[in-house]
Number of protein chains: 2
Amino acid sequence: MEKSKEHKPAVEKRRIQILEAACTVMGKQGIAATRVGDVAKYLGISTGLVHYHFDTKDELLAAAFRHAAEKELAALRLLVTTDGTPRELLNIVINNFFPASSFSSWRLWIEGWAVALRSESFQRTVMELDEAWVEVLADTLTDGVASGDFACVNPRDSAWRLACLIEGLAIQQVAHGGVINDVETRRLVADAVEAEIS
Amino acid sequence: MEKSKEHKPAVEKRRIQILEAACTVMGKQGIAATRVGDVAKYLGISTGLVHYHFDTKDELLAAAFRHAAEKELAALRLLVTTDGTPRELLNIVINNFFPASSFSSWRLWIEGWAVALRSESFQRTVMELDEAWVEVLADTLTDGVASGDFACVNPRDSAWRLACLIEGLAIQQVAHGGVINDVETRRLVADAVEAEIS
DNA sequence: CGGCGAACTGACGGGTCAGTCAGTAAGGTG
DNA sequence: CACCTTACTGACTGACCCGTCAGTTCGCCG
């Protein structure tokens, strides 16, 4: 009983409309606290219609989360197609990752990891996207090494280390507005980047 | 209407018993999926009794989470009181942090960060404990610098970077058993540690 | 025009679960 | 012993919310 019919544009449009609504609501209330009634109300439609397009709530939320993640990834990939020195590109990628630049997106990710502990489909999404994410960073580093700008021993390792560092810092900053603020985050990352590429 | 009376040992004992039961259940089912009925059933008591000791479910879960976190922190602090070279102590601390050594504990933390996004009390716990946690690492590094074993420019910065790196890696490993496995995690961390202290 | 099916509504069933409450058992105190 | 307080039970309630379904609207095609 597959609901997604690629061929019917009107249906697909509605599907996406519901997905984006779900993303907005999830961002506001959190994944766990998102009811299908909330999504429906946000669009001014009935809950029945939501279930007409998505069999279960879990399916809806998983699809919405993936939708949001893929949009972000596409934006990142677009960003690194610009011309520039490896250094400039690296800065662009790193900046895009930063907590401050996309607070609500990090909130979603943090919740996404937690949900992934119990949900098969969330786990897949989170895994694929995290890896694609790191790959962009790794490619940037590899390019810089090829051009002689960077001197990573192992660009892939460096990419994972930097990505995980930023993830950890994002948690510190987003989940609890603790000791680590935006300025400090930037300094810590900048130092780590320097250490990795030189 | 404060329920916790420090003076009555029998009551305090029951409180702790419920807290630990809640921890066990949370570890098994996840924080969000933990019902007060599950905790009661685990102990073979009534739900009424749980509410006799804790006004609300949120209060119970927050207290249980804090209880677990504080126990872990105490264990870590005990661990670093052993004698040894700064190098050995650092290894002990780092090892204790590792995902593989405490999988279920990391699962709880990941969920804890997500809950902290919405819950005042979880946020406090997570913030205090994360900081205490990094402080132990920072102290270890500082001692090593003082004795001339390590050469961190700024031990506090190094501690935050290492802690956040490990956090990020733990997510990669725990939330999705992705590309990053235990061996790779250890290598990535070991390299980062080396870079920080030399 | 007539009829068919896709998109959509809104009320409802059914299950879950936090928190309440009247009542019980047990232990201590005067 | 009579009384009171504390720890505890378990049935119950009221709210919430997912998913269903009978029925409605509307656009399209023959």
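Since the model is a prediction, treat every value here as computed from it, not as a measurement. So that the names make sense, note that chain A is the first sequence line, chain B the second, and so on, each numbered from 1.
- Ring centroids of A:W133 and A:F97 are separated by less than 6.0 Å, placing the two rings close together.
- Rounded to whole angstrom, the span from the CZ atom of A:F54 across to the P atom of D:dC18 amounts to 15 Å.
- Comment: A:E70 engages A:R66 in a salt bridge, judged by a side-chain N to carboxylate O separation of less than 4.0 angstrom.
- Between the C1' atom of C:dG19 and the CG atom of B:L60 lies a distance of 13 Å, rounded to the nearest Å.
- Checked options A:S158, A:C152, A:P86; the residue passing with A:V145 is A:C152 (criterion: side chain to side chain contact (heavy atoms under 4.5 Å, CB included)).
- Atoms NZ (B:K41) and C1' (C:dA18) sit 15 Å apart, rounded to a whole Å.
- Taking 4.0 angstrom as the limit, B:Y52 places none of its side-chain polar atoms (N or O) nearer than this to OP1 or OP2 of D:dC8.
- Between the CD atom of B:Q17 and the C1' atom of D:dA7 there is a distance of 13 Å, given to the nearest Å.
- Regarding B:R15, its CZ atom lies at a distance of 12 Å from the P atom of D:dA7, rounded to whole Å.
- One atom, CG of B:L49, and another, P of C:dT20, lie 15 Å apart when rounded to the nearest Å.
- Between A:I45 atom CD1 and D:dT25 atom P there is a gap of 19 Å when expressed in whole angstrom units.
- Neither OP1 nor OP2 of C:dC8 sits under 4.0 Å from any side-chain N or O of A:H51.
- Between B:R14 and the phosphate of D:dC8, there is a side-chain N or O to OP1/OP2 separation shorter than 4.0 Å.
- The separation between B:I18 atom CD1 and D:dA7 atom C1' is 11 Å, rounded to whole Å.
- Between A:F65 and A:W109, the distance separating the two ring centers is shorter than 6.0 angstrom.
- Listed nucleotides: D:dC17, D:dG10, C:dA18. Nearest to the side chain of A:R35: D:dC17.
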